[in-house]
There are 2 protein chains.
Amino acid sequence: MIGNKRNTPGFNDVALKEGLGKSKPHVALQAGAQSVHRTIRLLRAVADSNDRGMRLTQIAQKTGLPTTTVHRILAVLVAEEFLEYDLVSKCYRIGIELYAIASRARRFALRDKYRNCLENIARATQDSVYLVVRSGPDALCIDYIEGKSTIRIMTYDVGSRRPLGIGAGSLALLAFAPDDEVEGILKANELRYRKNNNMTVSELKGLIKQARALGYAFNQGHFMKGINGVGVPIYDEQGDVVAAVSVGSITERINPMRSQEIAELIKSEIALMR
Amino acid sequence: MIGNKRNTPGFNDVALKEGLGKSKPHVALQAGAQSVHRTIRLLRAVADSNDRGMRLTQIAQKTGLPTTTVHRILAVLVAEEFLEYDLVSKCYRIGIELYAIASRARRFALRDKYRNCLENIARATQDSVYLVVRSGPDALCIDYIEGKSTIRIMTYDVGSRRPLGIGAGSLALLAFAPDDEVEGILKANELRYRKNNNMTVSELKGLIKQARALGYAFNQGHFMKGINGVGVPIYDEQGDVVAAVSVGSITERINPMRSQEIAELIKSEIALMR
DNA sequence: AACAGTTTTCCATATTATGGGAAGCAGTTT
DNA sequence: AAACTGCTTCCCATAATATGGAAAACTGTT
């Protein structure tokens with residue numbers, strides 16, 4: 001009868017990402033969607049320890065949400081088979097439906113397909129290797145292997161984006177796209193090129209021309225000082241570019257001559273996958 | 001100033017699945033979770049047309065939810081990268097985060113790994129082929145290929161479950177599990193065996209013994225009249241059973257002699273995958 | 001330029017999600 | 001066996017959150 005006030009009522013769940021410098025200053029980014037955010041937070045938590053599985057209280061602790069709330073949401077996720085629940089161990093794991101839905105995204109399946117390929121290239125070059133796909137006006141990294149070199153170069157994690165053209169793999173995606181699309185992309189990204197990367201559209205056009213002439217994208221520190229990269233496109237059956245593999249390292253390791261060799265290596269590894 | 005009453009306030013979103021004959025009669029299955037259910041509904045809708053992508057109104061139409069609500073939830077999903085949004089075409093697609101989370105479920109990745117294998121077996125036998133994994137006390141189908149035979153046999157879709165031991169693949173999972181686990185599973189499923197499949201634990205023990213002797217599970221219409229099946233286990237590096245491949249067809253097509261051949265075929269195809 | 005279709009914002013409303021409390025369950029320890 | 005401990009599940013009053021109609025802002029088309 002005492003009634004209950006919520007501990008942290010409008011708790012700032014949204015305080016996660018806002019870094020992209022979008023407009024809308026003082027309007028909360030996603031209002032009216034607490035539970036959806038929370039649901040996703042729970043899924044992430046479970047996925048992080050999927051092999052051992054996670055129990056209710058662990059999940060609650062990890063996410064900082066009240067046990068009751070977690071329980072309620074997890075029950076739905078289990079009912080929808082987004083999660084599996086083992087009655088005996090009382091552990092939650094990723095469910096078949098979540099997997100089935102994700103599988104519909106064929107483009108990301110390239111990751112599995114080219115995993116070996118990346119590994120071979122990484123072994124041969126000892127440098128960092130990246131696999132990127134196009135996502136709207138961006139290049140999206142869907143897999144990468146860190147180089148053996150002592151110097152960590154980019155923080156270019158899976159899921160990270162940059163404007164098409166910025167970076168070797170990204171440039172490959174752009175340069176080998178159809179002309180009319182290239183125009184649209186350049187225009188759409190013009191502002192970001194200038195603000196984030198200190199580059200102009202005409203500079204990019206130069207790089208595109210060069211890439212087309214070479215047959216691969218060669219980035220000589222254009223985007224980040226001291227970092228060079230080589231990017232090679234991957235085509236689908238229709239001849240459209242669907243992804244790109246790139247190798248990046250410090251300038252000294254990737255001079256023009258070696259860039260040629262690396263490009264050939266990537267091409268031959270890609271060819272094996274067909 | 002007229003105020004607005006919601007069209008369909010407590011709309012019965014939950015009326016989806018309840019068929020599993022669970023207890024709890026007159027208590028709504030998942031109360032207090034409308035938005036989570038809706039979120040999942042939206043994800044399904046988008047996934048269904050992922051190649052072309054879907055636009056807001058289409059999604060709203062397909063799911064029967066008000067545009068505004070859809071818009072709000074989709075915004076969150078995009079922010080969390082569960083979906084991608086193409087500014088130009090205004091289309092939504094599966095996002096990288098959803099894929100990344102699903103990828104943590106290694107067990108389901110068997111599906112990709114053995115896809116070719118299933119195809120080869122399907123081509124050679126012309127019968128239906130299934131790939132199942134263990135999920136708690138159940139066998140869970142994660143992939144299948146329908147046979148060429150004119151008679152559609154089982155509706156054993158991806159995501160469908162049955163108690164471990166019921167069905168050829170399912171029996172293979174059970175029979176080649178460690179003894180102590182087998183005991184636990186049999187006990188846990190005892191009721192279901194009897195109620196749903198009209199079988200006793202001791203009958204199952206007989207089948208297990210037979211399977212162990214043969215080196216594969218052979219189901220001669222024990223579970224469904226007129227349907228035979230052959231199931232072969234797949235082991236991981238530690239020697240634990242992680243999945244099973246099975247072939248099923250009408251009794252006439254799978255007699256004891258052919259079952260032996262099929263088992264050998266499956267085994268050799270699996271061996272190629274190592 | 002007018003139009004039709006779609007996307008996005010706004011906001012009053014009450015339905016739905018919330019979370020404290022407590023009852024149930026295991027699994028250990030005395 | 002009983003008492004204890006930690007975890008899971010149920011209950012339900014409360015108000016914060018999600019809701020969806022209305023209308024504004026776009027977009028593309030005739």
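The structure presented is a predicted model; accordingly, all values stated were derived computationally and were not measured. Letters go in sequence order (proteins before strands), and every chain restarts at 1.
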I'd like to know whether A:K90 forms a side-chain contact (heavy atoms from CB on, under 4.5 Å) with A:L56, so could you lay out the CA-CA distance, the side-chain angles of the two residues, the decisive distance to 0.1 Å, and finally the verdict. CA-CA 8 Å; A:K90 311 213 161 182; A:L56 180 63; over 6 Å; no
Begin with the C-alpha distance, continue with both residues' side-chain angles, and end with the deciding distance and a verdict on side-chain contact (heavy atoms from CB on, under 4.5 Å) for A:T39 and B:I40. CA-CA 10 Å; A:T39 301; B:I40 290 175; over 6 Å; no
Go through the steps to decide whether B:D236 and B:R107 satisfy the test salt bridge (Lys or Arg N to Asp or Glu O under 4.0 Å), and finish with yes or no. CA-CA 11 Å; B:D236 64 8; B:R107 41 208 311 269; over 6 Å; no
Would A:D138 and A:R192 satisfy salt bridge (Lys or Arg N to Asp or Glu O under 4.0 Å), going step by step from the backbone distance to the final call? CA-CA 11 Å; A:D138 297 331; A:R192 296 162 77 203; 2.8 Å; yes
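Between the side chains of A:T69 and A:R38, not a single donor N or O lies within less than 3.5 Å of an accepting N or O.
Within the structure, every side-chain polar atom (N or O) of A:T68 is placed at least 4.0 Å from both OP1 and OP2 of C:dT18. Under 4.0 angstrom from either OP1 or OP2 of D:dT19 there lies at least one side-chain N or O belonging to B:R72. Using a 4.0 Å cut-off, no side-chain N or O of A:Q34 falls inside it from OP1 or OP2 of D:dA16. Between A:R38 and C:dG19, a side-chain N or O to OP1/OP2 separation shorter than 4.0 Å is present.
Nearest to the side chain of B:P66, among D:dG20, D:dA18, C:dG19, sits D:dG20.
Salt-bridge annotation for A:D179 and A:R212: present, with a side-chain N of the basic residue lying under 4.0 Å from a carboxylate O of the acidic one.
Among the heavy atoms of the strands lying under 4.0 Å from B:S35 are primed sugar atoms or P, OP1, OP2 only; no base atom is included.
Nucleotide C:dT18 holds its P atom 12 Å from the CG atom of A:L74, rounded to whole Å. To the nearest angstrom, P of C:dA17 lies 16 Å from NE2 of A:H37. Residue A:L65 contributes atom CG, which lies 18 Å from atom P of D:dA16 at whole-angstrom precision. In this structure, the CG atom of A:L42 is 14 Å from the C1' atom of C:dT18, given to the nearest Å. The nearest whole Å value for the distance from the CG atom in A:D86 to the P atom in C:dA26 is 14 Å. Spacing between atom CG of B:L77 and atom P of D:dA18 amounts to 13 Å, rounded to whole angstrom units. Atom NZ of A:K62 is separated from atom P of D:dC7 by 17 Å (rounded to the nearest Å).
In this structure the side chain of B:K62 reaches within 4.5 angstrom of the side chain of B:M54, judged on heavy atoms.
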For nucleotides 5-7 of chain C, print each protein N/O atom paired with a nucleotide N/O atom at under 3.5 Å, atom names and distance only.
{"residue": "C:dT7", "atom": "OP1", "partner": "B:R55", "partner atom": "NE", "Å": "3.3"}
{"residue": "C:dT7", "atom": "OP1", "partner": "B:L56", "partner atom": "N", "Å": "3.3"}
{"residue": "C:dT7", "atom": "OP2", "partner": "B:T57", "partner atom": "N", "Å": "2.9"}
{"residue": "C:dT7", "atom": "OP2", "partner": "B:T57", "partner atom": "OG1", "Å": "2.7"}

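Comparing A:S89 and A:V36 by the nucleotide of DNA chain D that holds the closest heavy atom to each, the one mapping nearer the 5' end is A:S89.
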